[in-house]
Structures are given as C-alpha cells and as structure tokens.
Amino acid sequence: MGACSIADVLFPGTGVRVGAVKEFSGELVVEAVCAGPPGRCPGCGAVARRVHSSYHRWLAERPLGQSQVVVRLRARRFFCDRKSCPRLTFAEQVAGLTERHGRLTLAMKERLRAVAVELGGRPGTRLCRKMQLRAGRTLLLKLLQAPPVPDRAPRVLGVDDFALRRRTRYATVLIDVEASRVVDVLPDRTAETLAAWLTEHPGAEVICRDRASGYSKAIRQAAPQALEVADRWHLLQNLSNALERTCHQHRSCLRKHAEREAKPSTPVLRAVPQ
Ligand SMILES: [Zn+2]
C-alpha cells in the first residue's frame, strides 16, 4: 500500500498541489495551486508559453466527514501569443476539476446533479441538507440540463402528449422506446411541429403514438415509411370507451337481464333427519 496525499484524494491526476488545509469556522479550506502544464487557449487551441498573472478562485468541494470543504485555488492567467487569435490572455482551467465561471468543483457539481436528476428541486434540497451538501433549489434546478438531441430519430420512436397546464397547454414528448429514454420535448402537440421534427431527424422505422389524429397526419406527411403503432395504453382506453358506449346504448336491455337474474329464488328448506 503506497502513501497517499490529500492532493491524490481530492485532485487525482490534475497537477494541482495542496499547500495547506486550514480549519476556518467549521469549514476546511484547502489551499491549492495549479502546477500542471500550461493550458491551451480556448480561442485558438495554442499551448500557452507565458504566464500573465495568477489569481485565487473559490470552489465548493464535496464534504469530508462532517466538515464543509472549500478549495482556494491559485490559478494562472496565460498570454495567448498567436497573432491571429483575438484573445490576448485566458484563464486556465484544470481538467476534471474546474470550468469557466464555475464555483463548484466538477465532482461536487456531478454529485449535486445526480441528486437533482433523481429528486428535483425541493426534495433534492432536503436530501442535500442531510448530506452536508450546500445547495438550494435554484442551483439544483439549474444543474438539470437537457442532453443533446441526436441527429437521427431512434428506430422505435414513441410520441405522446402531456399537459404543461391541464386543459390549456400541452407539449409532446418523444421517446426512444428501445432505450426507454426521452429524446426530445416539443413545445406543442400540433402536426406541423412533429412533422418538422421528423423531417429534421429521419430514421424512425416504427412510431408508437397516441390516438391524436394530429400525430398521425404528421407521420403520414414526414415519415410515411414508418410503421404506425397505437400504444397499449391508448388501445385499452379505446376498448374501454367502446365498451362503455355499447353498454350505454343497450342499457334498457341490460337492465332487463340484470333484473331477471337478480330475482330471488325461493330457498328450499329440507328437514334434516334426526
Ligand atoms: Zn489564442
């Protein structure tokens, strides 16, 4: 078993050195210095050769035991010497640790995002409080970013509407049925919007849709080769609606039968021989 420093634990493979760890009103402040190779200019990609200045930035890190951890990181600002690049200087970012304007280490951000994905805003905040993670509802919700939409539609595409505001505003959710994953969300449930999406994202072979005729129109128009499938829930709903209608039409007839069957038959009592 090899010796391990706090820098190895907190910043593995980043070239960040830890100078000191201090306790300050119940918080652990990790004084760290960027000591890795110079960064690349985000404008032109050239590797920097000259340091312009250094500055401190504060990053919230995952807690250690019962203590909050804050990293006070001394980072560098480099010159970009490439003449054609519009940037004169740029601030360095440490891969796997920092990002531009970020006030959380990337590990902390990932942890909070995991909470936000599972629980959302308010319940997430309650869990964070119990886990000693400092995060309010707004921060958690801000961390929820939609994943990029693929260029092509999934092979089996599910299309369904949902209410943004019941009875007034609806949107459409598109699902990769085979991967059970949301692919995109459309702002309404019109045929035009879905048709435009299907034109822009070809490749759907099977499209499962609800009963809305708007979707069917869009599929016929923009993905005529795709096989349309009514999904199971809507088929069952169709069936139950049809059944209800039929029962309603024949209610007098049904009542007559029901009354006949419900007539009490005279119980036959037999004397049990002693
Ligand atoms: Zn540059």
Going through the checks in order, is the side-chain hydrogen bond (donor to acceptor under 3.5 Å, both in side chains) test met by Arg77 and Thr89? CA-CA 7 Å; Arg77 180 168 277 280; Thr89 66; 2.9 Å; yes
Are Leu174 and Leu186 close enough that some pair of their side-chain heavy atoms sits under 4.5 Å apart? yes
Using residues 11-25 as the side-chain source, report each donor-acceptor pair under 3.5 Å to any protein atom, sequence neighbours left out, with the distance given to one decimal.
unit_1 : atom_1 : unit_2 : atom_2 : d
Thr14  : OG1    : Phe11  : O      : 2.9
Thr14  : OG1    : Val16  : N      : 3.3
Glu23  : OE2    : Gly26  : N      : 3.4

Suppose the criterion is salt bridge (charged side-chain N to carboxylate O under 4.0 Å, His left out): which pairs have a residue in residues 98-121, not counting sequence neighbours? Glu99-Lys109, Glu110-Arg113
Got a sec, which hydrophobics cluster with Leu141, joining ILVMFWY side chains under 4.5 Å apart, including via others? Val117, Leu144
Quick one: pull up CG in Leu139 and CZ in Arg134 and give me the separation to the nearest 0.5 Å. 12.0 Å
Ring pair (Phe, Tyr, Trp, His ring centres under 6.0 Å) partners of residues 54-83, not counting sequence neighbours, each pair once: His52-Phe79, Phe78-Phe90
Would you say His248's side chain and Glu244's backbone share a donor-acceptor pair under 3.5 angstrom? no
Spell out, as yes or no, whether a donor-acceptor pair under 3.5 Å connects the side chain of Glu228 to the backbone of Ile219. no
Flag, side chain of Asp8 to backbone of Ser5, donor-acceptor distance under 3.5 Å: yes
Name the one of Arg189, Arg209, Arg169 that satisfies salt bridge (Lys or Arg N to Asp or Glu O under 4.0 Å) with Asp161? Arg189
Can you tell me how far apart SG (Cys128) and CG (Leu112) are? Round to the nearest 0.5 Å. 5.0 Å
Here the gap from Tyr215 atom OH to Leu198 atom CG, rounded to the nearest 0.5 Å, amounts to 11.0 Å
Euclidean distance, Glu27 CD relative to Leu64 CG, rounded to 0.5 Å: 12.5 Å
Could you list all the salt bridge (charged side-chain N to carboxylate O under 4.0 Å, His left out) pairs where at least one residue sits in residues 40-58, not counting sequence neighbours? Arg50-Asp81
Can you tell me how far apart CZ (Arg122) and CG (Leu127) are? Round to the nearest 0.5 Å. 16.0 Å
Single-linkage hydrophobic cluster Val149~Val182, side-chain heavy atoms < 4.5 angstrom: no
For Gln66, look at atom CD and say whether over 12 heavy atoms of other residues, nucleotides or ligands are found less than 6.0 Å away. no
Kindly check if the number of other-residue, nucleotide or ligand heavy atoms within 6.0 Å of CZ (Arg62) is above 12? yes
Does Val47 sit in a hydrophobic cluster with other residues, and if so which ones, taking ILVMFWY side chains as linked at heavy-atom separations under 4.5 Å, directly or through other members? none
